[in-house]
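Numbers for residues simply follow the sequence, beginning at 1. Predicted, not measured: the structure shown is a model, and the values here were computed from it.
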Amino acid sequence: MTNALDGPDHAHQIPDGVDDATVEALGKLSEGLETVEHARGLLYGFHRLTGAADLAIGEAVDLLRKAGHAEVADRIDRDVVGRNAISGRWTFQIVEDYDDGYYAALRAAEREARVTLADGRRHLYEAGMKEDRRTHGAPHHEATPAAVGETVPGHGDA
């Protein structure tokens with residue numbers, strides 16, 4: 001008899017009528033979104049590092065003035081401190097434009113594709129990979145946390 005917990009939970013089972021090509025395409029779309037999530041994190045890192053650098057440079061300007069180098073301090077203060085990162089924008093504006101534009105459009109498109117084609121289910125391709133790669137019945141290769149005694153939402157009362 002097959003163990004009811006020896007497979008993906010309901011949220012990661014391919015809905016009836018969804019073919020392998022669709023699962024693969026949604027998986028590739030998910031991969032693209034994950035890459036954009038990583039890029040977004042790097043963009044936030046860029047934002048934070050640029051801001052921290054600007055504050056440090058401002059402190060350097062103050063220290064240069066205290067050390068008697070007012071002309072050098074004034075030039076750095078005028079040309080660098082508070083400068084736009086790109087034309088007309090500080091980094092927070094770059095982040096906002098990215099979030100509200102490309103990022104929001106991709107998230108909406110990925111979600112709409114999942115809802116339309118796979119009942120909104122996420123990571124179906126990866127769930128299939130897990131099933132193919134894990135050693136069924138071996139410790140640390142369980143299908144779900146519920147298979148090792150944890151309660152998992154969406155897995156039912158198996």
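Counting non-hydrogen atoms of other residues, nucleotides and ligands closer than 6.0 Å to CG of D20 gives a total of 12 or fewer. Heavy atoms from other residues, nucleotides or ligands lying under 6.0 Å from CZ of R65 number more than 12. The environment of F92 atom CZ is dense: over 12 non-hydrogen atoms of other residues, nucleotides or ligands sit within 6.0 angstrom.
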>> The test is side chain to side chain contact (heavy atoms under 4.5 Å, CB included); show your working for E112 and V115 and say whether it passes.
In response: CA-CA 5 Å; E112 181 181 341; V115 167; 5.8 Å; no
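Taking each heavy atom of T144 and G7 in turn, the nearest pair found is CG2-O, 3.6 Å. Of all heavy-atom pairs between P15 and A118, the closest is CG-O, 3.6 Å. Taking each heavy atom of K130 and A143 in turn, the nearest pair found is NZ-O, 2.9 Å. In terms of heavy atoms, G32 sits closest to L106 at O-CD2, 4.3 Å.
N84 places no side-chain N or O within donor-acceptor distance of the main-chain N or O of S87, the cut-off being under 3.5 Å. Not a single donor-acceptor pair under 3.5 Å links the side chain of W90 to the backbone N or O of G51. Side chain of Q13 to backbone of P8: a donor-acceptor contact under 3.5 angstrom is found. At distances below 3.5 Å, not a single donor-acceptor pair connects side-chain atoms of H141 with backbone N or O atoms of R133. Looking at T35, its side chain does come within 3.5 Å of a backbone N or O of E31 through a donor-acceptor pair.
Taking 4.5 Å as the limit, every side-chain heavy atom of D74 sits out of range of all side-chain heavy atoms of E71. Residues H136 and D6 meet the side-chain proximity criterion, which asks for heavy atoms closer than 4.5 Å.
L64 forms part of a hydrophobic cluster together with I57, V61, V72, I76, V80, V81, judged by ILVMFWY side-chain heavy-atom separations under 4.5 Å. With side-chain heavy atoms closer than 4.5 Å counting as contact, directly or through intermediates, the hydrophobic cluster containing V23 also holds I14, V18, L124, Y125, M129.
Scored by the salt bridge (Lys or Arg N to Asp or Glu O under 4.0 Å) test, E96 finds no partners at all (sequence neighbours excluded). By the salt bridge (Lys or Arg N to Asp or Glu O under 4.0 Å) test, D97 is found to be paired with R89, residues two or more places apart in sequence or in another chain being considered. Partners of R121 according to the salt bridge (Lys or Arg N to Asp or Glu O under 4.0 Å) rule, which considers only residues two or more places apart in sequence or in another chain, do not exist here. Partners of R107 according to the salt bridge (Lys or Arg N to Asp or Glu O under 4.0 Å) rule, which considers only residues two or more places apart in sequence or in another chain, are E37.
A salt bridge is defined here as a Lys NZ or Arg NE, NH1 or NH2 lying under 4.0 Å from an Asp or Glu carboxylate O, and R114 with E110 meets this definition.
From I86, atom CD1 reaches atom CD of Q93 across 9.0 Å, with rounding to the nearest 0.5 Å. Here CD of E126 is found 10.5 Å from CG of L26. Values are rounded to the nearest 0.5 Å. Remark: I94 CD1 to T50 OG1 distance equals 7.5 Å, nearest 0.5 Å.
The hydrophobic cluster containing Y44 also contains F46, counting ILVMFWY residues as joined when their side-chain heavy atoms lie under 4.5 angstrom apart, directly or transitively.
A donor atom on one side chain and an acceptor atom on the other are found under 3.5 Å apart for H123 and E34.
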